[in-house]
Amino acid sequence: RFRNYAIMKFSDQLEARFAEMVTHYPTKRSVLVPMLLYIQDEIGHLHDEAIHEVAQRLDLTDLEVRNVISYYSMLTTKPRGKYNVQVCRNISCMLRGADEAIAYIKQKLGVEHKGTTPDGLFSFEEVECIGACCWGPAMQVNYEFHENLTGEKVDQVLEEYRKKA
């Protein structure tokens, strides 16, 4: 079965990143995960056209790309909010109050795990370790870390992102 995909044109920035990155590795396939992250950051999620474009450029099948996407929780084929709030639920953070932080954020945003606020501003996920074990409970919003969470700190962080939007 063949699909007709609309052609996805990379932005000038993505084109430059791709052209530069493929020169660093012995095989093109090695740039798959970083390119998927860059594409996701630019367009919000990895839709069919993006997957097909990357597969073509790296001499892979769409299925091979989808298999990689399904392996990494940081990659998604579904739209997320502009700000993806990820709260660590690993043991170190749990011992320091992650359960309470997760419940508070869910209530504050009005969404469950993998949910997105109606305005499309925030998505929420419970994730495994984000590497902030000594400063838990911790969360990551896109690529920015926020540690030693309290209700007050969560309110402050979310408000800062609302103002940025």
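The figures that follow rest on heavy atoms only: side chains count, while hydrogens, waters and symmetry mates do not.
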Contact summary for [X] and [Y], nearest pair of heavy atoms:
X     : Y     : value
Pro34 : Ser30 : CD-O, 4.0 Å
Ser70 : Asn67 : OG-O, 2.9 Å
Cys88 : Ala98 : O-CB, 3.4 Å
Gly44 : Thr76 : O-CG2, 4.4 Å

Tyr104 and Lys106: side chain to side chain contact (heavy atoms under 4.5 Å, CB included), yes or no, with the steps? CA-CA 6 Å; Tyr104 185 79; Lys106 285 179 175 181; over 6 Å; no

Report yes if the side chains of [X] and [Y] come closer than 4.5 Å at any heavy-atom pair, otherwise no.
X      : Y      : value
Asn148 : Arg96  : yes
Val157 : Met139 : yes
Val33  : Leu37  : yes
Val111 : Phe122 : no
Val85  : Glu125 : no
His45  : Thr77  : no
Leu46  : Gln40  : yes
Tyr161 : Leu121 : no

Checking the side chain of [X] only, and the main-chain atoms of [Y] only, is there a donor and an acceptor separated by less than 3.5 Å?
X      : Y      : value
Asn90  : Glu128 : no
Glu64  : Thr61  : yes
Ser123 : Asn84  : no

Worked verdict on Leu14 versus Met35 for side chain to side chain contact (heavy atoms under 4.5 Å, CB included): CA-CA 8 Å; Leu14 275 177; Met35 277 310 297; 4.0 Å; yes

Walk me through it: do Tyr143 and Asp41 pass the test side chain to side chain contact (heavy atoms under 4.5 Å, CB included)? CA-CA 10 Å; Tyr143 297 111; Asp41 286 348; 3.0 Å; yes

Verdict with reasoning, Tyr38 to Gln13, per side chain to side chain contact (heavy atoms under 4.5 Å, CB included): CA-CA 10 Å; Tyr38 287 132; Gln13 184 180 9; over 6 Å; no

Can Lys108 and Glu152 be counted as an ion pair, charged N to O under 4.0 angstrom? no

Salt bridge Glu15-Arg57, side-chain N to carboxylate O under 4.0 Å: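 Answer for the salt bridge query: yes.
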
Is the Lys NZ or Arg CZ of Arg162 less than 6.0 Å from the centre of Tyr83's six-membered ring, within 45° of the axis? no

How far does [atom1] of [X] sit from [atom2] of [Y], to the nearest 0.5 angstrom?
X      : Y      : atom1 : atom2 : result
Glu126 : Cys93  : CD    : SG    : 12.0 Å
Met94  : Arg89  : CE    : CZ    : 7.5 Å
His146 : Leu158 : NE2   : CG    : 8.5 Å
His24  : Met21  : NE2   : CE    : 8.5 Å
Ile105 : Leu149 : CD1   : CG    : 6.0 Å
Glu49  : Asp62  : CD    : CG    : 10.5 Å

Any donor-acceptor N or O pair under 3.5 Å, side chains Thr117, Asp119: yes

Just by distance, with hydrogens left out, do Ser11 and Glu42 show a side-chain donor and acceptor under 3.5 Å apart?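 Yes, side-chain donor-acceptor contact under 3.5 Å.
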
[X] and [Y]: same hydrophobic cluster, using ILVMFWY side-chain contacts below 4.5 Å?
X      : Y      : result
Ile102 : Trp135 : no
Phe145 : Val127 : yes
Ile130 : Ile91  : no
Tyr71  : Ile69  : yes
Val68  : Val31  : yes

Using a 6.0 Å cut-off, check whether atom NZ of Lys164 has over 12 heavy atoms from anything other than its own residue.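 Result for NZ/Lys164: enclosed.
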
